[in-house]
Amino acid sequence: MAEKIIDVAVALILRADGQLLLGQRPEGKPWAGWWELPGGKLEPGETVLQALARELQEEIGITVTESRPWVTYVHRYPQTTVRLAFCFVTGWTGEPRSLENQRLQWVVPQEAAQVGELLPAALPPLRWLQLPTRYGISAAGSSTGLPVFLTRLDQALAQGLKLVQWREPAWPDGPQAGSLYTAFEQVLQRCRQAGARLLVNSIHPEDWWHQADGVHLRAADAAALTQRPALPAGALVGVSTHSHADILRARDLQADFAVLGPVSATPTHPGQAGLGWPAFQAALHDAGLPVFALGGQSPATLVQAQSYGAHGIAAIRGIFG
C-alpha cells in the first residue's frame with residue numbers, strides 16, 4: 001500500500017530587517033505549544049502558492065503579493081507523513097495577527113530556538129536560511145593565473161561573497177603541483193579574514209577538507225559514498241548534481257546543499273547542452289535540501305533562478321569575472 005502523504009504549503013515570512021515570523025500551535029491541536037512556520041494543507045486543485053496565499057489570509061490575516069518556491073521536504077512524524085513545500089513570502093499587505101488563537105513572534109532565524117520548542121520539520125529550513133545565495137567557484141588554473149584570481153577573489157569578498165569552492169581540477173602536474181597547496185592556503189586565509197567559508201572540491205586531499213570549512217563532492221564521488229563524510233561540527237557538505245536522481249543521492253547523504261546544472265551551456269562544459277529552467281525546476285521535486293543553479297549564472301540571474309526554486313546561484317565567471 002502506497003504511503004499517504006499530506007501536502008502542505010509553508011511560509012517563510014521575512015521582514016526587511018531579516019526577522020522571521022513563527023507561530024505557536026494552540027491548545028487542542030497536535031503538538032500544542034510547539035512553534036512552527038505558518039501555512040497549511042493544500043486543498044484539491046490548488047497549487048502550492050495558491051494554498052499558501054489562502055492559508056496565510058485565513059491564519060494570520062495577510063494578503064500575499066509576492067512569493068516564490070524554495071525547498072520541498074518530506075518529513076515523517078509518528079502518525080503522519082507530510083510533504084512540506086517551503087516558500088518565501090517577500091511581499092504582503094496587512095499586519096500579521098492571530099486569527100486561530102495562536103501566538104505569533106518575530107525572531108532572528110539564528111535565535112529561533114530561544115522562543116521555545118520548535119516542530120522538528122521547522123528545523124531544516126532554519127538551518128538552510130544560514131546559507132548564502134551566491135557560491136563562487138575558483139578557476140585560477142595555475143600558479144601563473146593565481147595573482148589575477150586572488151585579486152578577483154578579494155573584490156568578490158569585499159562585495160559580500162560568503163561561500164567559495166576551491167576547485168582547480170586542471171592545476172598542472174610537475175614543478176607547479178606543489179604550489180597548489182600554497183595557493184589553497186592563501187585562498188583560505190583570505191576567506192577567513194572576510195568571514196567567508198571555503199569548501200574544497202573532493203578531487204583534492206581529504207585533510208584539506210578538514211582544514212577548510214568542508215567539502216564539495218563531485219557527482220561521481222557522491223555516488224560512491226554510503227554516508228555523509230565525517231567532518232568537524234559545523235562543516236558543510238555540498239554536492240554537484242546533474243539530475244533528479246543525483247539530487248536525491250545528495251539528500252540521502254545528508255548534504256547541506258546541492259548544485260544543479262548546467263542550466264545554460266557554458267565554456268566550462270563545452271558541447272553539453274543546458275538543462276533549461278523547466279527541467280531544472282522539475283529536478284527539484286522532493287529535493288529535501290537547498291539547490292544552487294549553475295551554468296550561465298551571475299548575480300543578475302539570481303531573481304530568475306529563485307523564481308524556479310533555486311536557493312541561489314553558483315558560478316565561476318559570473319562571480320569572479
Side-chain angles (χ1 to χ4, degrees), residues 2-12 20 36-37 39-42 47-49 51-52 67-88 109 112 118-133 135 163 199 214-219 221-229 231 234-261 263 275 277-294 305-314:
E3 178 183 30
K4 182 180 179 181
I5 298 179
I6 299 171
D7 284 294
V8 179
V10 186
L12 289 99
L20 176 72
E36 65 179 350
L37 296 161
K41 300 176 186 177
L42 272 68
T47 67
V48 166
L49 295 183
L52 190 76
S67 62
R68 58 179 171 83
W70 186 31
V71 179
T72 302
Y73 171 73
V74 175
H75 185 85
R76 290 172 175 81
Y77 286 101
Q79 304 299 327
T80 58
T81 298
V82 290
R83 179 184 289 110
L84 302 162
F86 293 109
C87 306
F88 281 104
L118 296 166
L119 278 184
L123 298 177
L126 290 172
R127 184 175 68 250
W128 300 331
L129 277 176
Q130 313 309 313
L131 282 173
T133 56
Y135 185 25
L163 189 62
L199 303 190
V215 61
H216 186 101
L217 298 168
R218 296 176 298 175
D221 293 335
L225 294 176
T226 58
Q227 60 186 8
R228 178 186 170 98
L231 293 169
L236 296 175
V237 175
V239 178
S240 289
T241 67
H242 308 290
S243 66
H244 179 242
D246 287 347
I247 290 177
L248 298 186
R249 182 64 185 152
R251 181 195 67 189
D252 292 344
L253 288 175
Q254 299 178 31
D256 295 287
F257 66 89
V259 172
L260 175 62
V263 177
L275 294 169
W277 287 117
F280 175 90
Q281 186 174 43
L284 302 188
H285 177 69
D286 289 353
L289 79 174
V291 179
F292 289 82
L294 175 73
Q306 289 178 329
S307 74
Y308 285 94
H311 174 78
I313 57 98

Inset, instruction - Apply the test ring-ring contact (aromatic ring centres under 6.0 Å, His included) to residues H311 and Y135: give CA-CA distance (whole Å), side-chain angles for both, the deciding distance (0.1 Å), then the verdict. - result: CA-CA 10 Å; H311 174 78; Y135 185 25; over 10 Å; no
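- The closest side-chain heavy-atom distance from D256 to L289 is not below 4.5 Å.
- Checked for salt-bridge contact, D286 and R83 meet the test: a charged N lies under 4.0 Å from a carboxylate O.
- The aromatic rings of Y73 and H75 sit tilted relative to each other, their planes meeting at an angle between 30° and 60°.
- Taking OG1 of T81 as the reference point, atom CG of D7 lies at 11.5 Å (rounded to 0.5 Å).
- Smallest separation of non-hydrogen atoms from L126 and P109: CD2-O, 4.3 Å.
- The aromatic rings of H244 and H285 are tilted relative to each other, their planes meeting at an angle between 30° and 60°.
- Heavy atoms only, all atoms of each residue included: A279 and L275 are closest at CB-O, 3.4 Å.
- Heavy-atom minimum distance, L49 versus S67: CD2-OG, 3.5 Å.
- F292 places none of its side-chain heavy atoms less than 4.5 Å from the side chain of L260.
- The minimum heavy-atom distance linking H216 with S240 is given by the pair NE2-OG, 2.7 Å.
- Contact between V239 and A222 at its shortest, heavy atoms only, is CG1-CB, 3.7 Å.
- For the atom pair L217 CG and R228 CZ, the distance stands at 9.5 Å (nearest 0.5 Å).
- Each of L294, L248, V259, I247 was checked for a side chain to side chain contact (heavy atoms under 4.5 Å, CB included) with T241, and the lone residue meeting it is I247.
- Taking CG of L129 as the reference point, atom CZ of F86 lies at 10.0 Å (rounded to 0.5 Å).
- The shortest heavy-atom contact between A85 and V48 is CB-CG1, 3.7 Å.
- No more than 12 heavy atoms of other residues, nucleotides or ligands lie within 6.0 Å of CD in Q254, so this atom counts as exposed by the packing criterion.
- A heavy-atom distance below 4.5 Å is not found between the side chains of V74 and V82.
- Summarising the geometry, atom CG belonging to L131 is positioned 6.5 Å from atom CZ belonging to F257; distances are rounded to the nearest 0.5 Å.
- Using a 4.5 Å cut-off on side-chain heavy atoms (C-beta onward), I313 and T133 make no contact.
- Two residues are said to be in side-chain contact when any heavy atoms from C-beta on lie closer than 4.5 Å; L236 and V215 fail this criterion.
- Inter-residue side-chain proximity for T72 and L284 is flagged as unmet; no heavy-atom pair is nearer than 4.5 Å.
- The aromatic rings of W70 and W128 sit perpendicular, their planes meeting at an angle over 60°, well past the 30° parallel limit.
- The side-chain heavy atoms of R68 and C87, taken from C-beta on, include no pair separated by under 4.5 Å.
- A 4.5 Å side-chain heavy-atom check between L37 and L20 finds at least one atom pair inside the cut-off.
- Between the OG1 atom of T47 and the CG atom of L42 there is a distance of 7.5 Å, given to the nearest 0.5 Å.
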